[in-house]
Amino acid sequence: MSTLGERLRELRKVRVKKSQKEFGSIFGLSESAIGMYERNERKPDYETLEKFAAYLDTSVNYLITGKEVETAKSTDGGNRISDKDEKDIAKRMEQIKKDLTTEDGLLFNGEPMSEEAVESFLEAMEYAIRQTQRMNKKYIPKKYREDNNE
């Protein structure tokens, strides 16, 4: 049976195709912290697990136990982000980044934003776009769904 660390490593490599360093930077964690989680030398707190699960498009329960719990969200069948959606998200993020970095005097509360603050803002935007994309999948009219047998 696989461990939390093994499941985390597998999802990171296969689903989001990020290195430990890239993955850690999304959550403000070091490469070594991600490595320790994946080797089961450390356990992430619940809040961190929730962030990992949302980003990896899975549940906290799956990360911990390796089993998915049947919920309305997991049974709707259309909640995963496709490769096309991933490309669309990447294009949106590039445009947002371009817009932010080409503006003169980007401010937050009247103070110029640091490079770290801009990076953090971009990560939050990517998370929001991914969540919105997943949620909107539920609301595709039946006539446009792939499974149109009803």
Side-chain angles (χ1 to χ4, degrees), residues 1-101 108 113-150:
M1 177 172 265
S2 64
T3 64
L4 182 145
E6 291 168 336
R7 286 185 289 279
L8 184 60
R9 180 183 310 116
E10 178 72 14
L11 290 170
R12 174 185 59 80
K13 286 181 171 183
V14 174
R15 198 167 281 177
V16 297
K17 297 173 180 57
K18 299 225 183 265
S19 68
Q20 287 180 338
K21 185 175 184 175
E22 293 169 325
F23 188 73
S25 71
I26 292 167
F27 305 100
L29 298 168
S30 67
E31 179 179 5
S32 64
I34 299 300
M36 286 191 282
Y37 292 152
E38 290 182 355
R39 290 186 305 273
N40 295 300
E41 294 171 4
R42 261 177 79 184
K43 299 287 184 211
D45 61 28
Y46 191 79
E47 184 178 324
T48 302
L49 279 173
E50 285 181 318
K51 291 176 185 177
F52 288 168
Y55 188 78
L56 295 167
D57 193 25
T58 192
S59 67
V60 172
N61 187 62
Y62 176 77
L63 288 176
I64 294 170
T65 67
K67 298 176 184 172
E68 286 289 352
V69 175
E70 290 295 318
T71 64
K73 187 173 183 178
S74 66
T75 58
D76 69 2
N79 227 9
R80 300 258 183 232
I81 293 180
S82 68
D83 289 340
K84 181 188 178 307
D85 293 337
E86 286 288 348
K87 289 176 186 173
D88 291 343
I89 289 169
K91 284 179 187 176
R92 279 191 208 128
M93 290 308 302
E94 282 303 313
Q95 185 61 46
I96 291 169
K97 186 173 186 176
K98 181 181 171 189
D99 291 345
L100 285 175
T101 56
F108 182 75
M113 286 179 74
S114 68
E115 191 174 317
E116 288 176 342
V118 171
E119 192 64 32
S120 179
F121 178 74
L122 288 171
E123 289 169 5
M125 287 295 299
E126 182 176 357
Y127 176 79
I129 289 169
R130 286 177 177 284
Q131 289 300 95
T132 303
Q133 189 76 19
R134 280 187 201 103
M135 294 168 116
N136 283 343
K137 290 236 180 229
K138 291 190 279 190
Y139 302 108
I140 297 171
K142 283 187 180 181
K143 67 181 182 178
Y144 296 113
R145 292 183 192 164
E146 288 178 22
D147 183 17
N148 203 4
N149 296 334
E150 296 177 32

Does [X] reach the main-chain N or O of [Y] with its side chain, forming a donor-acceptor pair under 3.5 Å?
X	Y	answer
R15	L56	yes
N40	T3	no
T48	P44	no
R39	G5	no
E38	G35	no

Q) Side chains of T65 and L4: closer than 4.5 Å at any heavy-atom pair? A) no

Q. L11 versus D57: any side-chain heavy-atom pair under 4.5 Å?
A.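 No, every pair of side-chain atoms sits at 4.5 Å or beyond.
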
Using 0.5 Å steps for rounding, measure from the [atom1] atom of [X] to the [atom2] atom of [Y].
X	Y	atom1	atom2	value
E31	S25	CD	OG	10.0 Å
L63	L49	CG	CG	6.0 Å
T58	L8	OG1	CG	10.5 Å

Heavy-atom closest pair, residues [X] and [Y]:
X	Y	answer
R42	A33	NH1-CB, 4.0 Å
Q20	R12	N-NH1, 3.4 Å
A53	S59	CB-C, 3.6 Å

**Q.** Under the side chain to side chain contact (heavy atoms under 4.5 Å, CB included) test, residues paired with M93 that sit two or more places apart
**A.** I89, I96, L122, M125, E126, I129

Q) Residues in side chain to side chain contact (heavy atoms under 4.5 Å, CB included) with E94, at least two apart? A)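 Partners of E94 under the side chain to side chain contact (heavy atoms under 4.5 Å, CB included) test: none.
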
(Q) Which residues pass the ring-ring contact (aromatic ring centres under 6.0 Å, His included) test with Y62, not counting sequence neighbours? (A) none

Q: Just jot down the ring-ring contact (aromatic ring centres under 6.0 Å, His included) partners of F27, sequence neighbours excluded, or say none.
A: F23, F52, Y55

Q: Any salt bridge (Lys or Arg N to Asp or Glu O under 4.0 Å) involving residues 18-29? Give me the pairs, sequence neighbours left out, ordered by first then second residue.
A: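 For residues 18-29, and leaving out neighbouring residues, there are no salt bridge (Lys or Arg N to Asp or Glu O under 4.0 Å) pairs at all.
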
Q. With sequence neighbours excluded, what pairs up with K13 under the side-chain hydrogen bond (donor to acceptor under 3.5 Å, both in side chains) test?
A. none

